[in-house]
**Student:** 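Sharing a structure with you now.
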Amino acid sequence: MAKAIINGNRSKGTINPNIYGHFSEHLGRCIYNGIYVGENSDIPNVNGMRTDVVEALKKMGIPLLRWPGGCFADTYHWRDGIGPKESRKKIVNTNWGGVTEDNSFGTHEFMELCRQLGCEPYISGNVGSGTVQEFSDWIEYCNMGGQSPMAEERRKNGQGAPWNVKYWGIGNEAWGCGGNMRPEFYADLCRQYATYMRNYDDGHKIYKIASGANVDDYHWTKAVMERAGHCVDAVSLHYYTRPRTERWEDKGPATGFPRSEYYSTLANTLYMEELVENHGRIIRQYQGERQVGLCVDEWGTWFDVEPGTNPGFLYQQNTMRDALVAAINLNIFNNHCDTVVMANIAQVVNVLQAVILTEGPNMLLTPTYHVFEMYKGHQGAKQLESYVETALIGEGESLAPNLHVSASESKDGVLVTAANLDDRRPAELDCALSGLGQPGSVGGRVLTGGCGAYNDFGAKPIVKPAPLTAELTGDGFQAALPPCSVAAFLVK
Ligand code: AHR
C-alpha cells in the first residue's frame, strides 16, 4: 500500500486556468479540416467551425488557445487573413509541407472560434520576418475601441467592438525557426517590439510573452531576462517529450511501441520538472519590480508520423502512454503553479499530442482529451502540497516513480489526480488528507486500458473514463489504481 498525504496547510497558490491551455497552428490538418471547414461544408458547423469539435473542447474545459503558430507565426502576415475571402492572398506554408494556405482562416475567424469556445485568445506575433509596425498595427486592429485607422479597417471588415486580446507572444522560437537569433539580439528586438505593443484601454492591459528557451538552454532565459525582463510579463519554454531511440532521426512509433520506449518516454517527461524549476529560478533571479511568469507554451509528445501520412503534417495517434505524459506534465504544472502561469499542449486537433483527431466528418477523443477533462477541476483551484511514497520502476536507464500526484481545493471539494506509471502492476493507494477536515464522501474515476491502448476510427472508443471504487478511511480514502492508469478523486 503506497501512502500519500495531501497537506491542507501548504499551498503554492492558485492554479492558473491557463495551465490547461491549447495550441492551434496552420499545420497539417489542425486548422483546416480539424477545426475550420468553412460555412458551405456538409460537416455541421457554425460560421465554418466544426460543431463536434467545438462542443467537445467546451466540455473538456478549454481556457485559452494559442494561434497561428508555432513556426508558422514567424512567416504569417496578418493582413493576408482579413477582408473578403475571395481576395485573400494565397501563400505557401513553407514550414509545413509546402502546401497552399488560402488564408480563409484569419484573425476574424480565430476570434470567432474563441468566442464559440468561450476561451481566451493568445496570439503569437511575427518577429522573425515581420516588422514592428506590422505587429503594432495588429494589436491596434484587435484592441482599439475608438477612432484609428486600424479600428476603422476592422469595422469595415464587420467587427465593431474591439476584441481586447490580452495575451501576445513576441515571436516564436526566435532561437530556431523564428529567426535563428542569439538571445542577446532577440532580447534587444523584444524590447523594441514590446515598446510599441500598446494598451488601448486601461481596463484591458495586454500581457507580453517573450519567446523563450528550447529545453535546457538556460543561457537563453538568463540573457533575455537580464536585458528584456523588465518589459515582458512572461517568458516561454518549449519542451517536447520523445522516447530514447537509437537514431535521433527516429522518434519511435506512436502506437505499437516497445516497453523500453514506454518507460523512456515517461522518464523524459519527468524532466519537465527540472526544467520548470531551473528556468523559474533564473526568471526570479533576474526579474525586477515586474513579476515575470513562465509559459510552457509548447509541450507534448512528438513521435514518428503515422505511416502513409504527409511527414510535414505531424499527424500521430495517441495512446494511454500519451495520457500518462499529459497527467505527469499537468501534475508538474499544478505543483509549480507559483512559476508556471500558462501551458499549451501541442496541438489541439490532428497534430502531435492532439486531444481530438478527425477523419472527414468523423471525430474521436484521444486518451489525452480525457485526462484534460478529468483534471479540469484543478483550473483556478488552490494547489495543495502532496507527498507520495513511491517505488522506482522502469527498464534499463529509464526509471520513474510508480505514482505521480497533484491535488487542489475548490468549492467543489479536494481533487486528487494520480497516475500509476507501472505498466504491469496495480498501485494500492492510501491517501490521507491532512488539515482539511473529516472527509464525508469520495468519488473516483479512472482512465486505463493498457499502455498501448487507443481509440480509432471505425471502432468503439475503448479508452474512456470509468468509475473507480474508492473507500473512505478515517482521514482520507483508499483505492487500487490499475496498471498504466490515470485516476481522479473528488473528496467532499
Ligand atoms: O508544434 C510544432 C512545431 O514545434 C512548432 O511550430 C514550433 O514552434 C516547434 O518547433
Side-chain angles (χ1 to χ4, degrees), residues 10-19 21 64 66 122 124-125 127 166-176 178-195 197 205-241 268-299 328-344 382-387 406:
R10 293 273 304 269
S11 169
K12 288 220 172 101
T14 301
I15 297 171
N16 195 318
N18 292 338
I19 283 178
L64 172 130
R66 178 175 183 243
Y122 165 18
S124 285
V127 170
K166 178 173 175 181
Y167 298 100
W168 291 88
I170 307 173
N172 168 76
E173 297 193 351
W175 42 264
N180 280 307
M181 299 172 199
R182 292 175 308 115
E184 295 78 10
F185 178 78
Y186 170 74
D188 281 342
L189 269 189
C190 179
R191 291 164 66 127
Q192 186 189 3
Y193 273 74
T195 307
M197 296 170 73
K205 282 235 155 55
I206 61 174
Y207 190 93
K208 302 173 187 175
I209 302 167
S211 172
N214 184 28
V215 194
D216 59 353
D217 184 354
Y218 299 119
H219 173 64
W220 183 279
T221 304
K222 177 176 176 287
V224 169
M225 279 303 297
E226 266 181 325
R227 292 166 178 81
H230 61 286
C231 52
V232 295
D233 299 291
V235 176
S236 77
L237 164 68
H238 289 184
Y239 173 52
Y240 284 97
T241 308
N268 289 345
T269 303
L270 290 156
Y271 183 46
M272 180 67 92
E273 181 145 42
E274 188 177 322
L275 294 173
V276 163
E277 285 173 353
N278 289 343
H279 285 289
R281 205 170 294 121
I282 296 168
I283 289 174
R284 281 190 288 278
Q285 191 180 345
Y286 290 95
Q287 77 187 358
E289 302 268 286
R290 189 165 182 166
Q291 254 215 325
V292 178
L294 181 68
C295 292
V296 189
D297 59 12
E298 286 186 32
W299 67 271
I328 293 169
N329 275 309
L330 293 173
N331 284 340
I332 292 172
F333 301 148
N334 288 343
N335 289 334
H336 291 278
C337 63
D338 53 347
T339 300
V340 183
V341 294
M342 182 197 289
N344 306 71
K382 178 185 170 194
Q383 181 264 359
L384 300 175
E385 300 265 307
S386 50
Y387 320 97
S406 70

**Student:** Looking at residues at least two apart in the chain, or sitting in another chain, which of them share a salt bridge (charged side-chain N to carboxylate O under 4.0 Å, His left out) with E226?
**Tutor:** K222
**Student:** Tell me whether N335 contacts the main-chain N or O of N331 through its side chain, where contact means a donor paired with an acceptor under 3.5 Å.
**Tutor:** yes
**Student:** Is there a side-chain contact between Y167 and Y207 (heavy atoms, below 4.5 Å)?
**Tutor:** yes
**Student:** Distance from L294 atom CG to F333 atom CZ, nearest 0.5 Å?
**Tutor:** 8.5 Å
**Student:** Please name all residues satisfying side chain to side chain contact (heavy atoms under 4.5 Å, CB included) with D188, sequence neighbours left out, ordered by chain then number.
**Tutor:** R191
**Student:** Return the minimal non-hydrogen interatomic distance between W220 and S211, and the atom names on each side.
**Tutor:** NE1-O, 3.0 Å
**Student:** Less than 4.5 Å apart, side chain to side chain, heavy atoms only: is that true for V224 and Y186?
**Tutor:**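 They are in contact (side-chain heavy atoms under 4.5 Å apart), so the answer is yes.
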**Student:** Looking only at atom types and distance, does a side-chain atom of T14 sit under 3.5 Å from a main-chain N or O of N16, one as donor and one as acceptor?
**Tutor:** no
**Student:** Within a 6.0 Å radius of atom CD on Q291, are there more than 12 heavy atoms belonging to other residues, nucleotides or ligands?
**Tutor:**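 Open.
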**Student:** For R182, what residues pass the salt bridge (charged side-chain N to carboxylate O under 4.0 Å, His left out) criterion, not counting sequence neighbours?
**Tutor:** E184
**Student:** Does L275 reach the side chain of D216, with side-chain heavy atoms less than 4.5 Å apart?
**Tutor:**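 The answer is yes; the side chains approach within 4.5 Å.
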**Student:** Report, one line per pair, each donor and acceptor closer than 3.5 Å where one atom sits in a side chain of residues 336-343; sequence neighbours left out.
**Tutor:**
{"residue": "H336", "atom": "NE2", "partner": "E273", "partner atom": "OE2", "Å": "2.7"}
{"residue": "T339", "atom": "OG1", "partner": "R284", "partner atom": "NH1", "Å": "3.0"}

**Student:** Could you grab the distance from atom CD1 of I19 to atom CG of L64, nearest 0.5 Å is fine?
**Tutor:**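 Here the rounded value is 11.5 Å.
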**Student:** Once rounded to the nearest 0.5 Å, what's the spacing between atom SG of C295 and atom NE2 of H238?
**Tutor:** 9.0 Å
**Student:** Ignoring hydrogens and angles, state whether a donor on the side chain of Y122 or N18 is under 3.5 Å from an acceptor on the partner side chain.
**Tutor:** no
**Student:** Which heavy-atom pair separates V235 from G212 by the least distance, and what is that distance?
**Tutor:**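 Taking V235 first and G212 second, the nearest heavy atoms are CG1-CA, 3.9 Å.
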**Student:** How far does CD1 of I332 sit from OH of Y271, to the nearest 0.5 angstrom?
**Tutor:**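 So the gap between those two atoms works out to 12.0 Å.
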**Student:** Which pair of heavy atoms, one from C190 and one from I170, lies closest together, and at what distance?
**Tutor:**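 Distance-wise, the nearest heavy atoms are SG-CD1, 3.9 Å.
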**Student:** Can you name the salt bridge (charged side-chain N to carboxylate O under 4.0 Å, His left out) partners of E298, sequence neighbours left out?
**Tutor:** R66
**Student:** Could you check R227, H219, M225 and say which one makes a side-chain contact (heavy atoms from CB on, under 4.5 Å) with P183?
**Tutor:**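 Of the listed residues R227, H219, M225, the side-chain contact (heavy atoms from CB on, under 4.5 Å) partner of P183 is H219.
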**Student:** What do the steps show when you test W299 against L330 for side-chain contact (heavy atoms from CB on, under 4.5 Å), and what is the final call?
**Tutor:** CA-CA 11 Å; W299 67 271; L330 293 173; 4.1 Å; yes
**Student:** Which atom names give the shortest non-hydrogen contact between Q383 and N334, and what distance separates them?
**Tutor:**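 Closest heavy-atom pair between Q383 and N334: CG-O, 3.2 Å.
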**Student:** Could you check if a side-chain atom of D233 sits within less than 4.5 angstrom of a side-chain atom of W168, using non-hydrogen atoms only?
**Tutor:** no
**Student:** Does the S236 side chain pair with the main chain of D297, one donor and one acceptor, at a distance under 3.5 Å?
**Tutor:**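 Side chain of S236 to backbone of D297: no pair is present.
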**Student:** Residues in ring-ring contact (aromatic ring centres under 6.0 Å, His included) with H279, at least two apart?
**Tutor:** Y218
**Student:** Provide the closest heavy-atom pair for Q287 versus V292 in the form atom of the first, atom of the second, distance.
**Tutor:**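 Looking at all heavy atoms of both residues, the closest pair is OE1-N, 2.8 Å.
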**Student:** Taking all heavy atoms of T241 and all of T269, pick out the closest pair and write down the distance.
**Tutor:** CG2-OG1, 3.1 Å
